[in-house]
Number of protein chains: 2
Amino acid sequence: MDVKELSKTIIEFYEKLSTWEEGVVKDSGLTTAQNHTIEIVGHEGAIKMKQLADKLGVTTGTLTVSIDRLEEKELLRRVPHKSDRRSYLIELTEKGQEVFKMHHNHHINLTREMMAGFSEQEQANFYGAVKKIMENF
Amino acid sequence: MDVKELSKTIIEFYEKLSTWEEGVVKDSGLTTAQNHTIEIVGHEGAIKMKQLADKLGVTTGTLTVSIDRLEEKELLRRVPHKSDRRSYLIELTEKGQEVFKMHHNHHINLTREMMAGFSEQEQANFYGAVKKIMENF
DNA sequence: TGTTTTTACCTTGACTGTCAAGATATTTGA
DNA sequence: TCAAATATCTTGACAGTCAAGGTAAAAACA
């Protein structure tokens, strides 16, 4: 297998996913940064600011502003931490959960679309390959 | 194959690539937007502003500012279009080519890393699967 | 040909995302 | 107790982005 050709194809795949994601997010009236935040809180459940900032790869200063805006949009809320009065737990509101579920469904549909024409075995092979790749880097 | 599990894995793969890319780009002193611009000009060769803006998915207003900055960094230049005096061709400078090649090599190395432990057949299967997926969406 | 429409690019104003640096409040550890 | 560490917030400075409006040139057309 020609590594250049493979590299090119992986990049194209990445770009295509990226474009798809941007389109879906924009339609929902969010920015990609805001969507990413909702995705993480949706998957992780209630999470501290600091931990969330680390997962997003931004500083806490950046996150403060970002959470302010998402709170204004009523997609998530700050809940005072029970045992640490410096800290908050961030959690999704009802509305936030809706947005999260909606986005999740979009992804499920995309995956189904992608797998059109793949046999069970081919799907399993692809899944296994991606898993293995992720262990490699 | 469970579509939810597969979807989750594809998203993780995407996120991992995204994080990798951000890291590599940041190390080179560019923003992701600037890098993306260089990638496209590198692959396409001399290209008009309008076409470049379309490929990047931004407005020409955004691109004007962006190209201004990349020209200041001496990574690319505006060359007046021969037959259309409203237009410019954007092309990489020597320095821009270097950056482009460097980034390209990073990707080649990443791909090699990813494929560690894959047989020729497995690599070809993975390549074929990704190609097929891209036709599906 | 002369005029209108379209096209390509630039400018500006407003907003988001981002970081670095510094402030405040609280917790931890010596 | 009190200094050090931690969690969050604030602010100032930029980059990226779009929309809207401006200029110049090309294209269409009457």
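Lettering follows sequence order; numbering is per chain, from 1. Computed over heavy atoms, backbone and side chain alike; hydrogens, waters and symmetry mates excluded.
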Which heavy atom in A/Phe100 sits nearest to a heavy atom in A/Gly42, and how many Å separate them?
CZ-C, 3.6 Å
Residue closer to the 5' end of DNA chain C, A/Gln34 versus B/Ser87 (nearest nucleotide):
B/Ser87
Under 3.5 Å, is there a donor on one side chain and an acceptor on the other for B/His107 and B/Glu21?
yes
Go through residues 57-78 of chain A and report each residue with a non-hydrogen atom lying under 4.0 Å from DNA chain D, sorted by number.
A/Thr60, A/Gly61, A/Thr64, A/Arg78
Span of DNA chain C engaged by chain A, first through last nucleotide within the 4.0 Å heavy-atom cut-off, is C/dT16 to C/dT27
Would you kindly say whether B/Gln121 and B/Asn125 are connected by a side-chain donor-acceptor distance under 3.5 Å?
yes
Salt bridge or not between B/Glu91 and B/Arg77? Use side-chain N to carboxylate O under 4.0 Å.
yes
Taking only Lys NZ, Arg NE, NH1 and NH2, and the carboxylate oxygens of Asp or Glu, determine whether A/Lys48 and A/Asp54 approach each other closer than 4.0 Å.
no
First contact, last contact: which nucleotides of DNA chain D are these for chain A, 5' to 3', heavy-atom distance under 4.0 Å?
D/dT6 to D/dT10
With a non-hydrogen cut-off below 4.0 angstrom, is B/Ser83 in contact with a base, only sugar-phosphate, or nothing?
sugar-phosphate
When every non-hydrogen atom of A/Gln123 is compared with those of B/Leu6, the smallest separation belongs to OE1-CD2, 4.4 Å
Without swapping roles, check the side chain of A/His103 against the backbone of A/Val99 for a donor-acceptor pair under 3.5 Å.
no
Tell me whether A/Lys55 contacts the main-chain N or O of A/Ile40 through its side chain, where contact means a donor paired with an acceptor under 3.5 Å.
no
Between B/Thr64, B/Thr60, B/Thr59, which is the residue that forms a side-chain hydrogen bond (donor to acceptor under 3.5 Å, both in side chains) with B/Thr62?
B/Thr59
Would you check if the side chain of B/Ser7 reaches a backbone N or O of A/Thr111 as a donor-acceptor pair within less than 3.5 Å?
no
Want to settle it: does A/Lys26 or A/Gln51 sit nearer the 5' end of DNA chain D, counting the closest nucleotide to each?
A/Gln51
